[in-house]
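Reviewing the structure listed below.
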Amino acid sequence: MLWVDKYRPKTLDKVLIHDDVAQNLKKLVTEQDCPHLLFYGPPGSGKKTLIMALLRQMFGPSADKVKVENKTWKVDAGTRTIDIELTTLLSTHHVEMNPADAGFQDRYVVQEIIKEMAKNRPLDTKGKKSFKVLVLNEVDKLSREAQHSLRRTMEKYSSSCRLILCCNSSSKVTEAVRSRCLNVRISAPTENEIVRVLEFIGKKEGLQLPPGFAARIAEKANRSLRRAILLFETCRVQQYPFTHNQAIPPMDWEEYVSEIASDIMKEQSPKRLFQVRGKLYELLTNCIPPEIILKRLLYELLKKLDSELKHEVSFWAAYYEHRMCLGQKAIFHLEAFVAKFMSIYKGFLIATFG
Amino acid sequence: MGKGKRNAAIVISSSDDEDDKDFFLLKSKITSASLPRINQKKRAKRASLSNSCSSKDSIASDFGEIKRFCEEFDEGIRGFKVSTGRGMGNDLWVNKYKPGSLEELAVHKKKVEEVKVLFEERLITSEEKLCNHVLLFVGPAGVGKSATVHAIASHLGATLSEWNTPTPTIWQEHLHNSSSGLRYTSKLEEFESFVERIRKYGFISSSMSRRSQVVLLIDDLPVVNGKVAYGRLQRCLHLLVQSVCVPTVILITDYGKADSADYSMRFWEELQLSLQEAGACKVAFNPITINSLKKTLARICKEEQYETSAEQIELIAKASGGDIRHAITSLQYFCLKPKQLPSLSLSDGSSPCLSERTDEITHLYDGSSLSFGRDDTLSLFHALGKFLHNKRESETFMVSDRDAITLKEKFVRFPLKMDAPETVLRQAHGQSRPIADFLHENVLDFVSEEAIDDAWVVASYLSDADLLLTSVNGMVARNFEAENVVQSAAASVAVRGVLFGNSHPVPPRWHAIRRPKLWKVEQSLWHNKCQMLSQRCDTCNGLHLTDPSVIYTEIKPTLKWIKHRASEDFDSQETSPCHMVENIDLDGNILDDKNDMASEDEIEDW
């Protein structure tokens, strides 16, 4: 088991960072008046951990007994029936799923499946907790229609069903949904907090941490706790008695992106562009989301770039990132960005060095 | 075969002396100059033929059927070659001016000579052991393959024995037959049994070919569909080529350019190859040159006493694309309404001559609306080649001075050496998404090494095209009209973007057009995603569902790393991420082949 899972706090009391939020949540639940919740924050900040702990707080240990179900839902959409396959995770009290997995059929998922589930109230109705909890991940990736129908579902079944929504950016969630939820913002942990967690894990594992080592990992992790713990573990595997200046291995795809970046800097020609395309394809084949590739690529390029060009390059990156969201084939836009960068950079080189 | 309006007349005729031959579904005739007689005879034969084949057993019961057959034949439409409108009393010129002698053939003299020599070889040495008796004539429709065979045969005094595919069985007829106990035999089966007989017995039945020599002409191969049927036909022909003892001519119409995506085209090529391997001698016929077309047309005009200017004849000749049958029919049509011809316009054959270019541009759309003229089709790859090679005039000229908008230097491009890109797209039946994908995949090869700016312009236009195509998927889901417009707009943006952006194309050289790698990438991406999603629960201990992108970017790499380190031998399947799904290639094969083929013939074209 990865440390990320192993050292995930199980209860709200044991939460190491965001303990203020945890305490508030605990108070909220014990007072029995649980509204719909919307957790949002950057990746690796602990949203999921808090949600899990919250469920446990609400339902006790039975919330941990979950089973995974890969179910095909038959949705009646007017003239035809649509089969939608979705992976869900269910316990007696809650259901968790990623409705965005259904792609462009997400609106049916939200409308029908949630409705259906909300109707089936849990059996132990004599207890106080006569509602079921639905955990929806990646709400920000839902289409607009799906979010609208989510709103209606929320209102209609609020007596029997509580929704916990989870997303990275609340700006992509419609106002209507946001105003019906209690918004809980989970900020990214600071480096000090990350260091604290790493030291805690180190102690539990009985590891000797050289001074400053945890801080270096925290710095590398870019304020993502998950990333930090994963890096920590890879370091542990790489070499145990940690040395002071041990290199922290980056993610393989990040290395690959920086390779691409140096390729681009070295030569600007259609042939090189073609080679870069091949490498981008390889990244895409391995399911690295194109937005993340572009972001990382920009980051790598900016590191090496004259500050004079940074503004323009960032502008074009933003431009093509936007188009990527609108478009369908990410490679067209990624490549256009690379080509633009090459063209800018070549012009710059010629202007400066003649 | 027999189509069109039906006459009410009932004709039942059977010529007794030829019955046995008809029974073999084999028609013999002496190719002589006197056409009308042959036609009548032929008609009679057809009737008796239908008689014999439809009612082998139960003649009495099939009267109605025979009647229907006869009605059909009575029109006198016979095959594709001779389509006489006898009943109208006005001959089609195509038949009227069927070449009777070698001199009248519009086919190139040398080609005729070559074919003649081949024929002579086979006719003279047929008794001795000549290695092969089979000639394979290949060429586009209407270039005079059959006419050459007929003319030469008559010149050498040989008898032509033709195989013609029997008339198709219509459904009612089939029902009738099967109710009366007749088994349905497909045309392929009939052809097979015919070939069998030819191989075994040669010609025994024909009464008139005793003295003269016989040439077997297989003009009309049965239409087959599906790989199995193709295989049967191929085997059957192969056997024929290997074992036939009489001079045989097989005509294959080459549809190559017409529809590229068709499986059947590939089949015909395979067939030709296999026949050649078996020893058949292939003779390729090229489209008839404009000059000889003009000569033939002028001769016909003179004989018909119509006044046509040389210009008009030239126009018809050009519009026909080397198809003489089409040209003659066009001429006849044109002579019905002599006024209709636009003064000067060309349909497709773009000439490099500058003075004509202006006219061509102004009349470009007249050209496509010409009342005759064939709409040329292009293969997708040919069109892509046009776009990618981006051939342009070497110097600019003013199209019209009055409303000329002077463009900035960097936007000016030389005029294209092709039709409007949209026209080319239409001719190639290009769908916008694949077009964009293909262009994207291949365009970088055609951009000159220095011109990264061009590469960017091209890439940005392709990105625009992608946006347009996406909007098709999303917003106007059910509005096909709008969808069409957006689709063609996207294709146009992609193509014109490529043409405009690539302002410094590399000098033409050999380029193979690749299949978009993107397709494969998408396939394996999808596959990987599914795989990872199914593994999702294992990776995060089943307690909750994790964001997929987190899995892809963080957990998976870490796991891989750790596994790789921890146990070097454990990583049987997941060592290198990049080679995990190299082997998925679901429908790539077909396309690959197509690709190769297309690039070959494209290169030839250039």
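The sequence lines fix the lettering, A, B, ..., with proteins before strands; numbering per chain opens at 1. Remember, predicted model here, so these are calculated numbers, not experimental data.
- Residues A:Gln275 and A:Asp263 bring no donor and acceptor atom of their side chains to less than 3.5 Å of each other.
- Annotation: maximal heavy-atom pairing with chain A below 4.5 Å, among B:Ser463, B:Ala459, B:Ser460, occurs at B:Ser463.
- In this structure, chain A has heavy atoms under 4.5 Å from both the backbone and the side chain of B:Glu441.
- Centroid-to-centroid, the aromatic rings of A:Tyr319 and A:Trp316 come within less than 6.0 Å.
- With contacts defined as side-chain heavy-atom distances shorter than 4.5 Å, the pair A:Phe39/A:Leu165 does not qualify.
- Checked by atom type, the side-chain pair A:Glu267/A:Ser269 shows a donor-acceptor distance below 3.5 Å.
- With a 4.5 angstrom heavy-atom cutoff, A:Phe341 does not touch chain B via any of its atoms.
- For B:Asp464, the parts lying under 4.5 angstrom from a heavy atom of chain A are both the backbone and the side chain.
- Between chain B and the residues A:Cys166, A:Pro43, A:Pro249, the most heavy-atom pairs under 4.5 angstrom are made by A:Pro249.
- Of the N and O atoms on the side chains of A:Thr11 and A:Arg56, not one donor lies less than 3.5 Å from an acceptor on the other residue.
- Looking at A:Leu230, both its backbone and its side chain come within 4.5 Å of chain B, counting heavy atoms on both sides.
- Defined by atom type and a distance below 3.5 Å, a donor-acceptor pair is missing between the side-chain atoms of A:Asp140 and A:Asn168.
- Residues B:Trp519 and B:Asp437 bring a donor and an acceptor atom of their side chains to less than 3.5 Å of each other.
- Note: A:Lys340 leads A:Arg236, A:Met251, A:Lys340 in heavy-atom pairs under 4.5 Å with chain B.
- Interface residue A:Arg277: only side-chain heavy atoms are found under 4.5 Å from chain B.
- In the model, A:Glu335 has a side-chain atom that pairs as donor or acceptor with a side-chain atom of B:His440 under 3.5 Å.
- Counting heavy-atom pairs under 4.5 Å between each of A:His333, A:Lys346, A:Met342, A:Lys329 and chain B puts A:Lys329 at the top.
- When each of A:Gly347, A:Cys287, A:Gly327 is scored by its heavy-atom pairs under 4.5 Å with chain B, the top score falls to A:Cys287.
- Proximity to chain A is absent for every atom of B:Ala465, based on heavy atoms less than 4.5 angstrom apart.
- In this structure, the portions of A:Lys271 lying under 4.5 Å from any heavy atom of chain B include both its backbone and its side chain.
- Ring centroid separation for the pair A:Trp3 and A:Phe232 comes in under the 6.0 Å cut-off.
- Between chain A and the residues B:Val443, B:Asp466, B:Val521, B:Asp445, the most heavy-atom pairs under 4.5 angstrom are made by B:Asp466.
- Taking A:Gln268, A:Lys6, A:Arg227 one by one and counting their heavy-atom pairs under 4.5 Å with chain B, the maximum is reached by A:Arg227.
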